[in-house]
Amino acid sequence: MELAKRYDHKLVEEGKYQNWKNKGYFTAGDKSKQKFSVVIPPPNVTGKLHIGHAIDNTIQDITCRYKKAKGFDVLYLPGVDHAGIATQAKVDEELKQKGISRFEIGRDEYLKEAFKWKERYSHIIHDQWAKMGLMLDYTRERFTMDEGFNKAVYYVFKTLYDEGLIYQGERIVNYDVKMKTALSNIEVIHKNIDGKFYYFKYRFLDNKDEYLTVATTRPETMFGDTCVVVNPNDERYQKFIGKKVINPANGEAIPLIGDEYVDINFGTGVMKCTPAHDPNDFIIGKKYGLDMPIVINTDGTMSKSLKKYGGLDRFECRELLVKDIEKNGDLIKIEDFKHEVGHSERTDTIVEPILSKQWFIKMKPLTEKLLENQKSKSKVNFVPKRFEKTLIRWMENCEDWCISRQLWWGHRIPVYYQKSTGKILVSDHLPDNSGDWYQDEDVFDTWFSSALWPFATLGWPENTEDFERYYPIDTMVTGYDIIFFWVSRMYFQGLKFTNKAPFKDVVIHGLVRDSKGRKMSKSSGNGIDPLDVIEKYGIDSLRYFLATTASPGFDFRYQEEKVIEASNYLNKIWNSARFILMNIPSDFKVSEINTKKINILDKYILTKLEENIKVITKAMDKYDYGLASSTLYNFVYNDFCSFYLEMSKVSLQNKEEETLNVLLYCLKAILMMIYPFSPFISEEIYLNLPEHKESIMLESYPEYNKKYRFNNLEVVTMLSQIIEKVRNYKSINKISPSASLELAIKTTLDINSIMDYLKRFTFSNEISLISEDQENSTTYSLTNGTLFIKDNINKDELLKSLNEQKEKLLNEVKRSENLLNNKNFLEKAKKEKIELEKQKYIDYKNQLNDILEKISKI
RNA sequence: GGACAGUUAGCUCAGCUGGGAGAGCAUCUGUUUGACGUACAGAAGGUCAUAGGUUCGAGCCCUAUACUGUCCACCA
């Protein structure tokens with residue numbers, strides 16, 4: 001069969017994925033083999049996959065395909081995440097477009113809408129997985145809200161609750177006022193923004209002409225102030241402690257309290273205290289038993305009790321209030337002020353700290369277990385290592401996890417309250433139909449369920465066959481942006497509930513940025529749609545680009561030129577295959593390479609190949625796909641295509657049949673090594689080989705084979721050196737590349753075996769083996785001899801070139817001399833290094849003498 | 001405020017345990033070589049951020065400094 005002249009990605013990709021899937025190659029379960037398991041980090045059903053998913057999935061799929069080819073029973077488990085707040089935001093938005101609010105249609109109807117959304121985007125995601133060629137085992141696909149998962153979530157909640165690790169508490173939590181839900185601390189993004197610092201007069205109740213100056217960034221919270229605080233050591237104010245001051249926002253008299261929390265040097269040294277809307281103020285409020293009036297609602301509007309301000313948006317209220325205070329003469333000044341303000345990770349609105357009752361997980365016992373495990377032999381191995389530190393630091397300092405969300409889309413909290421008694425019951429169903437019980441309205445944080453992903457997907461808490469066999473996960477691949485959200489939580493929940501770390505290796509990759517290094521985002525419109533790239537260059541090129549450009553843990557830039565480079569490379573492999581297949585007779589029978597029949601170049605390429613297999617395999621095992629692919633790239637371009645393939649033309653002409661076997665052997669090995677990166681083109685070429693299995697997916701990875709390593713190949717190195725020198729000589733001297741020059745070689749090696757190749761690739765008909773140096777020639781030193789090119793250029797140019805060589809050699813000799821005259825070097829350096837240097841010195845010296853002699857003769 | 005990275009050719013990045021600086025793209029020159037012009041052959045291009053130190057020897061190890069980036073953090 002003959003391949004087309006060009007690699008056409010669309011033709012190559014056509015139908016292959018369906019075929020693999022239909023044949024069941026993606027289905028795990030061969031118990032005769034050792035298992036290897038990977039779970040896909042479940043994408044949110046919020047929308048289409050982006051380039052960030054592509055990098056994640058590419059690394060996973062490469063790992064899986066590599067391991068499968070290495071003989072493992074590989075499970076790559078797919079699934080999607082309901083993504084509570086993110087999805088609900090999208091569904092809300094969609095309903096809003098239709099003019100519907102979720103409160104109008106009610107919870108049940110709303111959930112139906114949300115499930116429809118989920119179905120729609122699951123399909124899109126499936127199509128994208130197929131486009132990317134992921135070897136996902138669809139027979140085991142899961143969803144974070146499927147029946148089994150719901151059971152797992154319930155089990156986890158009940159267990160933690162019964163053990164006292166889950167509690168309900170009244171705290172200041174951050175509210176996303178757009179979604180009207182509480183958030184966990186890590187869902188709050190701190191951004192440095194321009195704000196204002198407002199200075200107000202707080203007049204004394206007993207002497208209204210005197211006042212304290214209080215500075216605040218948030219005047220609207222003043223309605224909730226229940227005291228003013230100064231540091232008792234502050235000499236300016238200590239005498240006032242115990243007096244009452246008037247809150248300029250509402251005219252109420254509040255006490256002045258002394259507490260060392262206040263920083264004397266910050267602001268005016270006087271702090272207003274709003275216990276219900278600030279975590280620090282809350283602590284002070286608790287300490288002094290103050291009232292904690294809530295003045296801002298969960299939707300960001302002001303409380304109704306605030307008369308004219310009631311119902312206003314918090315920022316409108318701020319403006320109006322400041323104006324009113326100014327009218328009263330209590331505004332001193334307004335300063336510009338840069339400060340950190342929390343924003344919701346999902347909706348980007350400024351979060352509002354509000355006192356409320358929420359469910360929390362007590363973190364300490366869980367994190368302690370994790371930290372302990374990370375010190376033991378069963379520790380999780382992070383790639384790169386530094387992310388282990390990131391995790392540990394966070395685990396050492398994290399606060400209790402707020403897991404309740406005031407949303408509808410998610411796992412509803414399995415807690416029932418009895419109206420008549422106020423009793424609380426954890427249950428997965430309504431205790432009775434008396435109407436006396438009602439369920440908690442809230443749902444869990446979406447990460448509460450995702451944390452169970454590595455084991456709940458395998459059937460846990462049932463002790464299923466899959467759980468027994470595939471848990472723990474061998475390799476977890478994810479971006480550093482969700483180490484806290486996801487990796488840490490899977491880890492401590494895994495330890496808690498399965499007594500094992502849920503994964504062995506965690507491979508962390510960076511984010512894909514645009515060509516200028518900016519983060520990709522919808523608002524700046526610089527996002528790259530992987531489907532566009534696939535359409536233009538093919539998935540094989542995109543995968544190759546992603547895998548080779550992404551250095552573990554580091555962000556990298558999307559550059560179209562690099563994708564083109566990948567595409568050119570694949571075309572190179574395609575054409576090398578084309579060349580080989582063109583030369584194979586139709587009746588050719590593939591056989592094992594007969595090492596007795598092969599020529600020296602065959603030996604050379606086999607030796608090189610084996611060296612490369614060794615290096616590449618080692619890199620693949622370490623997830624160093626950058627090194628693995630660049631090593632293969634160099635082998636393919638330099639050793640295989642530019643050198644061996646060209647040389648093989650001579651042996652093929654000479655009808656050396658064994659070369660065909662060598663070519664095929666190399667080609668197959670190359671295909672297998674590029675296959676995990678770019679499976680479609682590899683399959684296409686593979687199926688065109690004279691002998692092959694049903695699919696490349698059933699083929700094994702090349703093993704390092706000592707049988708194909710040969711010695712005494714110096715003459716091949718000499719061959720390539722001579723070709724290079726001659727080409728260089730012609731280029732510099734502006735001689736046609738195909739000009740025939742007179743060459744003479746002085747060497748102790750037997751050059752008969754390379755004579756044909758020399759003639760063909762130097763275009764020289766006269767090549768002689770000599771024992772004495774040749775006059776009137778340009779001299780090139782080779783590793784094992786000397787090359788003389790008979791000069792037919794003018795003397796000036798010759799002299800120039802000789803002088804250039806002289807300069808170079810002088811430098812080398814000087815460098816070598818210095819080193820060898822250095823006593824310390826001779827005493828302390830390794831012996832081999834010294835020997836090597838001595839040899840070099842002699843070589844350079846000889847060459848230099850040759851050149852000097854020639855110059856003198858001219 | 002704390003922590004962690006990065007700084008190497010015009011651009012994007014490699015450089016394993018310290019032994020003569022690499023790739024791709026871009027640039028320049030040449031090529032109707034029968035796999036590939038998405039190619040081939042060649043050239044040019046770097047005081048490896050700065051300053052010290054350790055070492056016979058430093059892009060690599062140590063200490064400072066500068067700049068860039070990321071994460072964490074309740075300073076009103």
Side-chain angles (χ1 to χ4, degrees), chain A residues 3 5-7 172 185-186 190 197 214-218 221 229 261-263 265-274 278-283 337 339-340 342 353 384 386-387 389-390 393-394 397-398 480-481 483-484 510-511 515 517 519 548-549 551 553-557 559-562 564-583 615 618-619 622 624 626-627 630 633-634 637 641-642 645-646 649 723-724 727-732 734-738 760-761 763 812 815-816 819 822-830 832-833 836-837 840:
Chain A
L3 296 175
K5 191 167 176 179
R6 281 179 181 180
Y7 152 56
I172 300 281
N185 291 352
I186 51 172
H190 294 270
F197 220 6
V214 178
T216 179
T217 54
R218 305 206 52 202
T221 62
V229 195
Y261 169 75
V262 176
D263 180 350
N265 299 315
F266 186 86
T268 62
V270 190
M271 185 186 93
K272 69 185 214 51
C273 176
T274 322
D278 183 285
N280 297 309
D281 295 6
F282 175 72
I283 294 166
F337 189 65
H339 61 151
E340 296 284 325
R386 67 191 152 92
F387 288 105
K389 270 191 260 171
T390 311
R393 194 155 299 116
W394 193 64
N397 300 309
C398 76
Y480 62 72
D481 50 333
I483 292 178
F484 300 144
L511 272 38
S515 60
K519 253 186 190 169
T548 54
T549 315
S551 200
F554 289 104
D555 290 354
F556 64 100
R557 300 177 185 203
Q559 281 182 291
E560 192 166 11
E561 309 88 82
K562 289 249 178 185
I564 294 172
E565 181 199 324
S567 167
N568 290 350
Y569 173 43
L570 295 178
N571 183 60
K572 188 77 181 170
I573 294 179
W574 176 270
N575 270 290
S576 66
R578 178 166 175 259
F579 167 76
I580 294 167
L581 295 176
M582 272 169 56
N583 279 289
V615 174
K618 207 173 154 193
K622 289 198 299 191
D624 194 344
L627 178 63
S630 65
Y633 182 96
N634 286 328
Y637 264 98
C641 289
S642 292
L645 224 57
E646 291 303 324
K649 288 172 184 171
I723 293 170
E724 194 191 321
R727 282 174 174 167
N728 180 286
Y729 177 88
K730 287 176 176 173
S731 172
I732 288 177
K734 312 251 186 269
I735 297 170
S736 152
S738 53
R760 172 152 176 165
F761 291 97
F763 296 88
E812 296 295 354
R815 189 193 65 84
S816 220
L819 207 51
N822 184 333
K823 270 186 196 164
N824 284 320
F825 175 74
L826 295 176
E827 278 166 22
K828 295 183 181 174
K830 287 178 202 147
E832 308 94 76
K833 186 71 197 165
L836 203 71
E837 205 53 51
K840 278 183 186 176

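This is a predicted model, so every value here is computed, not measured. Just so we're on the same page: letters track the sequence lines, and every chain starts at 1.
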Separation of [X] atom [atom1] from [N] atom [atom2], in whole Å?
| X | N | atom1 | atom2 | result |
| --- | --- | --- | --- | --- |
| Glu565(A) | rC11(B) | CD | P | 18 Å |
| Arg578(A) | rA39(B) | CZ | P | 15 Å |
| Ile564(A) | rU12(B) | CD1 | C1' | 14 Å |
| Ile483(A) | rU70(B) | CD1 | C1' | 11 Å |
| Asp555(A) | rG69(B) | CG | P | 13 Å |
| Lys622(A) | rC16(B) | NZ | P | 10 Å |
| Arg760(A) | rG34(B) | CZ | C1' | 9 Å |
| Glu724(A) | rC40(B) | CD | C1' | 15 Å |

How far does the [atom1] atom of [N] sit from the matching atom of [M], given to the nearest Å?
| N | M | atom1 | answer |
| --- | --- | --- | --- |
| rA43(B) | rC36(B) | C1' | 23 Å |
| rG1(B) | rC11(B) | P | 32 Å |
| rA14(B) | rG24(B) | P | 16 Å |
| rG46(B) | rU7(B) | C1' | 14 Å |
| rU63(B) | rU54(B) | C1' | 11 Å |
| rU31(B) | rG37(B) | C1' | 10 Å |
| rG20(B) | rC60(B) | C1' | 15 Å |
| rG18(B) | rG2(B) | P | 32 Å |

request  = Fit a plane to each ring of Phe337(A) and Phe197(A), take the angle between them on a 0 to 90° scale, and name the class: parallel (under 30°), tilted (30 to 60°) or perpendicular (over 60°).
outcome  = parallel

query = Between Phe387(A) and Tyr480(A), what is the ring plane arrangement, given parallel below 30°, perpendicular above 60°, and tilted in between?
reply = parallel

inquiry  = Any donor-acceptor pair under 3.5 Å linking the side-chain atoms of Lys730(A) with those of Ser738(A)?
reply    = no

Can you tell me the base-pairing partner of [N]? Count Watson-Crick or G-U wobble geometry only, both distances below 3.5 Å, and say none if there is no partner.
| N | answer |
| --- | --- |
| rG59(B) | none |
| rU70(B) | rA3(B) |
| rC48(B) | none |
| rU54(B) | none |
| rC40(B) | rG30(B) |
| rC11(B) | rG24(B) |

Categorize [X] for me: base, sugar-phosphate, or nothing, with a 4.0 angstrom heavy-atom threshold over every strand shown.
| X | result |
| --- | --- |
| Thr549(A) | nothing |
| Cys273(A) | nothing |
| Tyr7(A) | nothing |
| Ser576(A) | base |
| Tyr637(A) | sugar-phosphate |
| Lys823(A) | nothing |

query = Should Asn568(A) and Lys572(A) be marked as a side-chain contact (heavy atoms from CB on, under 4.5 Å) after you check the CA-CA gap, both sets of side-chain angles, and the distance that decides it?
reply = CA-CA 6 Å; Asn568(A) 290 350; Lys572(A) 188 77 181 170; over 6 Å; no

Go through the N and O atoms of the side chain of [X] and the base of [N], and report whether any donor-acceptor pair is under 3.5 Å.
| X | N | value |
| --- | --- | --- |
| Glu646(A) | rA41(B) | no |
| Arg727(A) | rG42(B) | no |
| Lys572(A) | rC36(B) | yes |

Please report the closest heavy-atom contact between [X] and [Y], naming both atoms and the distance.
| X | Y | value |
| --- | --- | --- |
| Arg557(A) | Thr549(A) | O-CG2, 4.4 Å |
| Leu645(A) | Ser576(A) | CD2-CB, 3.7 Å |
| Gly269(A) | Val262(A) | O-CG1, 3.4 Å |

remark   = B/S/- along nucleotides 71-76 of chain B (protein heavy atoms under 4.0 Å) is SSBBBB

query = Looking only at atom types and distance, does a side-chain atom of Asn571(A) sit under 3.5 Å from a main-chain N or O of Ser567(A), one as donor and one as acceptor?
reply = no

query = Is a side-chain N or O of Ser642(A) found less than 3.5 angstrom from the main chain of Tyr637(A), in a donor-acceptor match?
reply = yes

message = For Arg386(A) and Lys562(A), find the nucleotide of RNA chain B closest to each by heavy atoms; which residue's nucleotide sits nearer the 5' end?
response = Arg386(A)

query = Which residue, Phe554(A) or Ser731(A), contacts RNA chain B at a nucleotide closer to its 5' end, judged by nearest heavy atom?
reply = Phe554(A)

remark   = From the candidates rA35(B), rG42(B), rC36(B), the one with an atom nearest any side-chain atom of Asn728(A) is rG42(B)

query = Which listed nucleotide (rG30(B), rU38(B), rA41(B)) is nearest to the side chain of Pro737(A)?
reply = rG30(B)

task = Please determine if a side-chain N or O atom of Arg557(A) lies less than 4.0 Å away from the OP1 or OP2 oxygen of rU12(B).
result = yes

message = Given the ring of Phe825(A), does Arg815(A) sit roughly above its face, with NZ or CZ under 6.0 Å from the centre of the six-membered ring and within 45° of the axis?
response = no

